[in-house]
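I have placed the structure first, in the form of structure tokens, so that the comments after it can refer back to it.
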Protein chains: 2
Amino acid sequence: MKPTLTAELVAAVAERFRALGEPARLRIVRELMGGELSVGALVDRTGLGQANVSKHLQVLHRFRFVTRRKDGPYVHYRLAGDDVFKLCDIMCGRLDDSASPS
Amino acid sequence: MKPTLTAELVAAVAERFRALGEPARLRIVRELMGGELSVGALVDRTGLGQANVSKHLQVLHRFRFVTRRKDGPYVHYRLAGDDVFKLCDIMCGRLDDSASPS
DNA sequence: CTATTATATTCCTGACGAGTAATATGGCAA
DNA sequence: TTGCCATATTACTCGTCAGGAATATAATAG
């Protein structure tokens, strides 16, 4: 039941939680829930800076939360699966339990 | 479908992901998966400092990932529900997909 | 009461990471 | 080729947070 989860694996899991632990990245993820979008479209919709969006997308892509599709000079990103939906659903559900933690 | 998720709610969700985004806190959570433990027991099992463990437990408790039970001078913590299990299961499952992201 | 143990809190330092501006890279048009 | 547009990367500043030492609080024993 405790398959000797090494420190490296724990760190890897923590890294992935932190990847979803930034409001800017969650806003990007949220926009992508409506379907694939280019970097520029994400910049427009989120109001974040272009360099900022690009870097956040690299983080999300490194951990396979999003996939890339190149289309000429454009790069379209989309959610890589439904894991993000499941994770966000659980977290959002937790907001009900005592909405304002002391 | 997009119930105007405010910036505050996005920030609240991000905060909760970050609460699970620290290796030390994940190690504590992992120990608690075997059942309720006191602070001192967690200090022994994790090798973390006492102040450190106590502070991490406050974070986990603030977001209701763990509950407290006082027993004389001892304080026993336990996982507050199965959300943590579900979240960690999903995240651990993601480790398989390309174990070493560039 | 004092002493001891368990836990919590405060203060401080160091490191990581978000944000921005500037620059680099890549693709396409003329 | 040159020029322009979309995206990526670099360099930098600044805020936040983990960690540890010291201290504070709480509960129990004597």
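Lettering follows sequence order; numbering is per chain, from 1. Note that the structure is predicted; figures quoted are calculated from it, not measured.
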Pairs under 3.5 Å (N/O, protein and nucleotides 25-27 of chain D):
none

[X] has an atom [atom1]; how far is it from atom [atom2] of [N], in whole Å?
{"X": "His61(A)", "N": "dT7(D)", "atom1": "NE2", "atom2": "P", "value": "15 Å"}
{"X": "Arg68(A)", "N": "dT25(C)", "atom1": "CZ", "atom2": "C1'", "value": "12 Å"}
{"X": "Leu57(B)", "N": "dA8(C)", "atom1": "CG", "atom2": "P", "value": "7 Å"}
{"X": "Phe17(A)", "N": "dG17(C)", "atom1": "CZ", "atom2": "P", "value": "17 Å"}
{"X": "Leu60(B)", "N": "dT7(C)", "atom1": "CG", "atom2": "C1'", "value": "16 Å"}
{"X": "Tyr74(A)", "N": "dA8(D)", "atom1": "OH", "atom2": "C1'", "value": "16 Å"}
{"X": "Leu26(A)", "N": "dA18(C)", "atom1": "CG", "atom2": "P", "value": "12 Å"}
{"X": "Gln58(A)", "N": "dA6(D)", "atom1": "CD", "atom2": "C1'", "value": "13 Å"}

Each nucleotide N or O in nucleotides 17-23 of chain D that has a protein N or O under 3.5 Å away: list the pair and distance.
unit_1, atom_1, unit_2, atom_2, d
dA18(D), OP1, Arg25(B), NH1, 3.1
dA18(D), OP1, Arg25(B), NH2, 2.7
dG19(D), OP2, Asn52(B), OD1, 3.2
dG19(D), OP2, Asn52(B), ND2, 3.1
dG19(D), OP2, His56(B), NE2, 2.6
dG19(D), O5', Asn52(B), ND2, 3.0
dG19(D), N7, Lys55(B), NZ, 3.1
dG19(D), O6, Lys55(B), NZ, 3.4
dG20(D), O6, Lys55(B), NZ, 2.7

*Side chain Gln58(B), main chain Ser54(B), donor-acceptor under 3.5 Å*: yes
*Would you please confirm or rule out a distance under 4.0 Å between OP1 or OP2 of dA8(C) and any side-chain N or O of Tyr77(B)?*
yes
_Pair Arg64(B), Asp83(B) - check side chain to side chain contact (heavy atoms under 4.5 Å, CB included), show working._
CA-CA 10 Å; Arg64(B) 306 296 191 265; Asp83(B) 280 354; over 6 Å; no
_Results of side chain to side chain contact (heavy atoms under 4.5 Å, CB included) for Ala51(B) - residues two or more places apart only_ = none
*Please name all residues satisfying side chain to side chain contact (heavy atoms under 4.5 Å, CB included) with Asp44(A), sequence neighbours left out, ordered by chain then number.*
none
*Does any non-hydrogen side-chain atom of Met91(B) lie less than 4.5 Å from one of Leu87(A)?*
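Result yes, sub-4.5 Å side-chain heavy-atom pair found.
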_Are the side chains of Thr46(A) and Asn52(A) in contact, using a 4.5 Å heavy-atom criterion?_
no
_Once salt bridge (charged side-chain N to carboxylate O under 4.0 Å, His left out) is applied, do any residues pair with Arg68(B), and if so which ones, sequence neighbours excluded?_
none
*Please name all residues satisfying salt bridge (charged side-chain N to carboxylate O under 4.0 Å, His left out) with Glu15(B), sequence neighbours left out, ordered by chain then number.*
none
_With a sphere of 6.0 Å drawn around CZ of Arg78(B), does it hold more than 12 non-hydrogen atoms of other residues, nucleotides or ligands?_
no
